[in-house]
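Please read these numbers as outputs of a predicted model, since none were measured by experiment. Side chains are part of it too, since the values below use all heavy atoms of this structure and drop only hydrogens, waters and symmetry mates. Protein chains get the first letters and strands the later ones, always in sequence-line order, with residue 1 at the start of each.
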Amino acid sequence: MIQIYNSLTQKKEVFVPLEEGKVKMYVCGMTVYDYCHLGHARVLVAFDVITRHLRHRGYDVNYIRNITDVDDKIFNRAAERGIPFDALTEQFINAMHEDERALGVLAPNAEPRATQHIAEIIAMIARLIQNGYAYAAENGDVYYEIAKYAPYGQLSKKKVEDLIAGARVEIGESKRSPVDFTLWKAAKEGEACWDSPWGKGRPGWHIECSAMSTCCLGNTFDIHGGGPDLKFPHHENEIAQSEGATGQKYVNTWMHAGAIRVNKEKMSKSLGNFFTIREILEKYPAEVVRFFLISSQYRSQVDYSEDALQEAKASLDRFYNAMLGVEVMSGEVEGDYRERFLAAMDDDFNTPEAIAVLFELAREINRCKASDKVVAGALVAELRALGDMLGVLQQDPTTYIQAGSGKGEGLQAEEIEALIVQRKDARANKNFAESDRIRDYLKQEGIELDDRKEGTTWRRV
RNA sequence: GGCGCGAUAGCAAAGCGGUUAUGCUCCGGAUUGCAAAUCCGUUCAGCCCGGUUCGACUCCGGGUCGCGCCUCCA
């Protein structure tokens with residue numbers, strides 16, 4: 001039994017898919033006019049972990065994550081650079097895929113792009129007009145008329161009158177109400193545009209997700225996810241659009257990740273306090289970044305800091321140290337580690353609690369690795385198997401430890417290992433002065449030695 | 001101002017109406033030529049005020065503080 005917190009009902013609910021054994025899930029991807037930042041990574045990793053767990057529990061998950069590649073910000077950025085808008089989006093889509101791969105995020109089943117679904121978008125807008133939820137204005141824009149959709153505000157818990165009080169109208173708009181939002185935007189001179197029954201133009205923000213999700217998953221589907229700042233207006237508007245067009249329930253379970261913060265403030269484009277994924281990956285291994293992101297439950301806010309990443313690294317060090325020198329074996333594992341791990345994940349994907357179980361496993365490995373290789377081997381196999389469900393702990397321990405936080409620069413592995421042999425001889429002869437000289441020399445070169453029961457290992461600092 | 005979320009030990013972060021979260025750090029011990037890693041033990045909690053209860057960190061009410069959304073943002 002899997003329980004999921006539903007933003008719509010604000011409760012944890014037992015998850016029951018529409019179709020037994022299948023999960024239809026749509027997650028809002030990014031608008032591609034810049035590199036992914038850590039906030040994008042949070043959503044990417046959170047829904048990656050969610051997908052992995054649902055699949056592990058036997059669900060056939062159809063995971064759709066869109067790319068919004070038509071938007072004002074894209075056009076503006078492309079104009080600044082003097083390049084076609086699709087050259088810009090292509091560049092950032094490629095960059096996004098690189099970042100995802102680095103973070104161990106599995107590809108979604110499909111990655112629809114707004115520009116490839118213009119026909120469906122136009123069809124949905126036409127249907128909304130036909131159903132009386134939308135109107136074409138004099139200026140060539142088409143608007144959604146919120147007053148016609150009574151449940152508006154159900155997701156964000158906002159009252160339409162409050163929204164009207166705070167709303168403002170841009171010059172040149174001809175809305176019936178200030179809260180009405182744009183479905184189709186008349187083309188400006190020189191901008192990329194598409195033909196439509198309302199003249200040349202392009203989709204407004206929001207409609208592309210309604211069209212693509214409905215197109216890929218049907219009128220009603222199980223899970224819709226995204227970042228915390230999409231709840232309003234984006235997701236609220238999606239509900240209004242899709243339910244207005246189809247007359248059916250849009251989504252059963254809404255899931256929203258928590259915000260990443262920097263110094264207690266949300267990391268966001270508008271505040272300019274964001275760190276891109278690639279920027280962070282220059283300083284920390286990707287697995288550390290991923291571990292940092294899953295160290296807190298996906299709905300909670302987390303503060304990004306160097307300390308937090310250091311802590312994530314310390315945790316991974318502990319796991320890989322435990323696995324080091326143990327030969328993986330298949331065998332029965334004593335204890336209820338897996339059971340408790342899965343129970344934690346079943347409970348709204350509680351990764352911190354699941355990770356706590358992994359730490360217990362690591363301690364047990366450390367306890368018995370010297371005395372019982374068979375038991376230790378089975379425990380390591382279990383640790384890796386459970387780690388895989390979170391997308392971590394899949395590296396070879398020696399590789400992980402040798403890499404340290406260094407960049408692989410400096411002395412070559414062969415040179416280091418030759419010195420370790422020399423030092424071993426010195427130690428055998430109780431020549432500790434020579435032994436320490438080698439240790440100090442290597443330390444100076446950024447290499448630390450650890451004398452373990454199984455022999456001496458090294459790592460870059 | 002409206003709506004929503006949160007407040008746990010030095011730090012991070014969970015569960016739970018009564019019994020050790022977990023990781024890092026501190027302290028003591030074991031192990032170690034040194035160091036690292038590791039093991040054992042220990043200290044340190046639950047914003048404030050009420051209520052419910054035999055018993056509350058956990059439930060309820062009120063407050064305080066913090067954060068998010070209300071404008072583009074994952």
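- For the pair V43(A) and D347(A), both in contact range of RNA chain B, the more 5′-proximal nearest nucleotide belongs to D347(A).
- Residue-level contact check: D317(A) touches neither bases nor backbone, having no heavy atom under 4.0 Å from any strand.
- On the P atoms, rG1(B) is 31 Å away from rG15(B), given to the nearest whole Å.
- Taking atom C1' on both nucleotides, rC34(B) is separated from rC24(B) by 25 Å, rounded to a whole Å.
- When heavy atoms are screened at a 4.0 angstrom cut-off, D229(A) is found touching base atoms of the nucleic acid.
- Taking the C1' atom of each, rC69(B) and rG62(B) are spaced 25 Å apart, rounded to whole Å.
- Using a 4.0 Å cut-off between a side-chain N of Lys or Arg and a carboxylate O of Asp or Glu, R338(A) and E382(A) qualify as a salt bridge.
- Across all strands shown, R459(A) has heavy atoms under 4.0 Å from sugar-phosphate atoms exclusively, and none from any base.
- At the heavy-atom level, Q310(A) lies nowhere under 4.0 Å from the strands shown.
- Counting any heavy atom pair closer than 4.0 Å across all strands shown, T457(A) reaches no nucleic acid atom.
- In this structure, R299(A) forms a cation-pi arrangement with Y5(A), its terminal cationic atom sitting closer than 6.0 Å to the ring centre and no more than 45° off the ring axis.
- For the residue pair Y284(A) / E306(A), a side-chain donor-acceptor distance below 3.5 Å is found, with atom types taken as modelled.
- If you check every strand for non-hydrogen atoms under 4.0 Å, R318(A) touches sugar and phosphate atoms only.
- Spacing between rG2(B) and rU71(B) at atom C1', rounded to whole Å, works out to 16 Å.
- Annotation: of the two residues near RNA chain B, A362(A) and K231(A), the 5′-most nearest-nucleotide partner is K231(A).
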